[in-house]
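Reviewing the structure listed below.
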Amino acid sequence: MGNPVLAIGDKRYSSWSLRPWLALRMAGVAFDEHPIRLRQPDTLERILAVSPSGKVPALRLPDGTVVWDSLAICEWAAEQDGALLPNHPATRAVCRSVSAEMHAGFPRLRQEMSMDLLRDEALPEIPEDVAAEIVRIQAIWSDCRARFGQDGPFLFGRFTIADAMWAPVATRFTSYRVPLAPVPAAYVEALWALPDMLAWKADASRE
Ligand SMILES: N[C@@H](CCC(=O)N[C@@H](CS)C(=O)NCC(=O)O)C(=O)O
């Protein structure tokens, strides 16, 4: 049987694609990429051929099963490599809470600071509701680092699905030059120190 195939959007812009791609890479799962350019006349048709939701990412497993949501793919990756979730059940539940909060929230940040890996420019002004979301994000990161981060530089020490879910937000803070408190700033640096993050960005600049 062949490898799982991950359908993804443009690496420069597709924040939802980066999450499971990073989780699969960190889990050491061998997979093939199926890139689909977004915002083209045939984009929807091409996505619908591989994803019933009409959205990427979607992972096609060797048995033909399709998993079509970023968080569900991260969870699948965690089933292949248990290290992608914390060991303790209560901590695992917190990891899932912060992952789900990211997945379901922060609409204003996503709208005003959409992922653009080649951008390096602050917004003229950060709207108040976006600033409030940034406060919440920094609180989540600082809380996780203080309570669970002893054994490494990530939210739960070693890399977990929570870091995969938050990685595209970290890139926005870099691209939009958002000033951060020391703990969140160090966390962003830790994500950027991952060779897989640099590889994704390098691919983005070649697209
Ligand atoms: N909830 C979905 C969201 C996926 C999503 O919105 N993907 C965007 C790209 S980042 C998409 O496919 N948009 C369709 C299009 O641009 O035509 C997930 O977590 O995977």
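Order of appearance sets the numbers: ligands from 1, and atoms from 1 within every ligand. All of these numbers come straight from a predicted model, not from anything done at the bench. As a basis for the values below, the full set of heavy atoms in this structure was taken, side chains included, without hydrogen atoms, waters or symmetry mates. FYI, the numbering just counts along the sequence from 1.
- Under the 4.0 Å criterion applied to side-chain N and carboxylate O atoms, Asp116 and Arg12 are assigned as salt-bridge partners.
- Among Leu38, Ile36, Ile8, Leu44, the residue whose heavy atom lies nearest to atom 15 (C) of ligand 1 is Leu38.
- In terms of protein heavy-atom proximity, atom 13 (N) of ligand 1 is nearest to Lys55 CE, 4.3 Å.
- Every heavy atom of Gly9 sits 4.0 Å or more from the atoms of ligand 1.
- Annotation: the span from Met115 atom CE to Tyr13 atom OH amounts to 10.0 Å, rounded to 0.5 Å.
- Counting heavy atoms under 4.0 Å from ligand 1, residue Arg39 does not touch it at all.
- Among protein heavy atoms, atom 17 (O) of ligand 1 sits closest to Thr43 CG2, 3.7 Å.
- The shortest separation from a heavy atom of Pro57 to ligand 1 is under 4.0 Å, placing the residue in contact.
- Atom 2 (C) of ligand 1 has Asp69 OD1, 3.6 Å as its closest protein atom, hydrogens excluded (heavy atom only).
- Checking only distances, Ser70 does come within under 3.5 Å of ligand 1, N or O to N or O.
- A parallel orientation is assigned to the rings of Phe148 and Phe156, their planes being inclined by less than 30° (bins at 30° and 60°).
- Judged by distance alone, the side chains of Arg37 and Gln40 never bring a donor and an acceptor atom under 3.5 Å apart.
- Nearest protein heavy-atom neighbour of atom 10 (S) of ligand 1: Ser14 OG, 3.2 Å.
- A cation-pi arrangement is present between Arg19 and Trp16 under the rule of less than 6.0 angstrom and at most 45 degrees off the ring axis.
- In this model, a donor atom of one side chain and an acceptor atom of the other lie less than 3.5 Å apart for Arg158 and Asn87.
- Looking at atom 14 (C) of ligand 1, its nearest protein heavy atom turns out to be Gly54 O, 3.9 Å.
- Note: Trp141 and Phe173 meet the aromatic proximity criterion, with ring centroids under 6.0 Å apart.
- Within the 4.5 Å cutoff, side-chain heavy atoms of Leu155 are placed close to those of Trp166.
- Look at Val56 and you'll find a heavy atom under 4.0 Å from some atom of ligand 1.
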